[in-house]
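Here the structure comes first, spelled out in structure tokens, and everything after it is commentary.
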Number of protein chains: 2
Amino acid sequence: MTTDAREMLASAGLRITAPRVTVIDALADHPHAAADAVFAKVSETLPRTSLQAVYNVLGDLTARGLARRIEPAGSPALYELRVGDNHHHLVCHVCGTVVDVDCVTGHAPCLTPSDDHGFAIAEAEVTFWGVCTACREAAVDTAPAQ
Amino acid sequence: MTTDAREMLASAGLRITAPRVTVIDALADHPHAAADAVFAKVSETLPRTSLQAVYNVLGDLTARGLARRIEPAGSPALYELRVGDNHHHLVCHVCGTVVDVDCVTGHAPCLTPSDDHGFAIAEAEVTFWGVCTACREAAVDTAPAQ
DNA sequence: GCTTTAATTTGAATAACTAAAAATTGGTAT
DNA sequence: ATACCAATTTTTAGTTATTCAAATTAAAGC
């Protein structure tokens, strides 16, 4: 895992540093993690790392195309290493869990609007909202008796 | 316009107050406005209104289904009065302008993911990203000479 | 016109993120 | 190996968007 992180950084022309390698490892283990979750994970193995450094690294990774940043409504920004395939997301309204969904029709842009209003359209971002299995089961358990 | 606002509030069982009517009028004039833009607009005609009141009203309208809240990445929350038709949005990467786009395939949920991962899916939210005409023209004007 | 309950104001707190100067470190050249 | 320099990280602050809660005010039924 560490090797991959180093290769990723090198191929993007970024210096290989402990915080960067550790952030990438954390994202590899926990896709769709927010900055503070990444910080918590990184702190386990590299406790001297600052939250600011994590923000810097996530920003750098995103700017170089090594990571993708998503911002579901009501959630802080989440990061993932799966880039370049225009996949989408399915978010649980209750617990916020995010899972990947392959592109609806194949490749970017996977959809075209009925009217582009003169915009030069670059991409279509799709977010499916629903309730995950765990939250549905929890709801049944706590439902009022009929 | 004022009449419509009053009717909307009444039909939702909300008290008719000056801040609420004015917020609704502001949204009718400026769809996709953020809270501070609504506050600025409301302040013109009702200068004693607090920003907090605007947040309260926007929250109430959203909770009762009179308004819809969208949160494009990198933008504060935006509000619009067009609700219940599952339309989508086209956002300019440069200036943030938002325009409405009719639902891609007709009615909610307008899309189905390739794999629902066990989620009970309620809706599909589509955000198209591109560059609007004005920003494209501005880019040409300031482009470096070849 | 009262009374009750909802709404608004006022004042404060918080989360998520950005900014900038100072200290440190990685990678290259010697 | 060592030193250098620019990139990175730390430290410290600051900002933006938003929420919370107590006290005041106002809407609508009686």
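Naming convention: chains lettered A, B, ... in sequence-line order (proteins, then strands); numbering from 1 in each chain.
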Round to a whole Å and report the spacing from CZ of A:Arg20 to C1' of C:dG27. 13 Å
Closest nucleotide of DNA chain C for B:Gly13 versus for A:Leu51: which of these residues is on the 5' side? B:Gly13
Distance-only donor-acceptor test, A:Gln52 side-chain atoms vs C:dA19 base atoms, 3.5 Å: yes
Grab the CG-P distance between B:Asn56 and C:dT9 for me, whole Å please. 9 Å
OP1 or OP2 of C:dT8 versus the side-chain N and O atoms of B:Thr17: is any pair under 4.0 Å? yes
May I ask you to say whether B:Arg82 pairs ionically with B:Asp100, meaning some side-chain N is under 4.0 Å from a carboxylate O? yes
Send over the distance from A:Arg69 CZ to C:dT18 P, rounded to a whole Å. 6 Å
Counting N and O atoms only, with roles assigned by atom type, does the side chain of B:Arg20 sit under 3.5 Å from a partner on the main chain of B:Arg15, one being a donor and the other an acceptor? yes
Using a 3.5 Å distance criterion without hydrogens, assess whether the side chain of A:Thr62 forms a donor-acceptor pair with backbone atoms of A:Arg69. no
Expressed as a whole number of angstroms, how long is the span from A:Arg64:CZ to D:dT8:P? 7 Å
Using whole Å, what does the distance between atom P of nucleotide C:dT9 and atom CZ of B:Phe39 come to? 9 Å
For the pair made of OH in A:Tyr55 and C1' in D:dT12, what is the distance, rounded to whole Å? 16 Å
If you take atom types as modelled and just measure distance, does the side chain of A:Arg48 reach the base of D:dT10 with a donor-acceptor pair under 3.5 Å? no
Can a side chain N or O of A:Arg15 be found less than 4.0 Å away from OP1 or OP2 on C:dT25? no
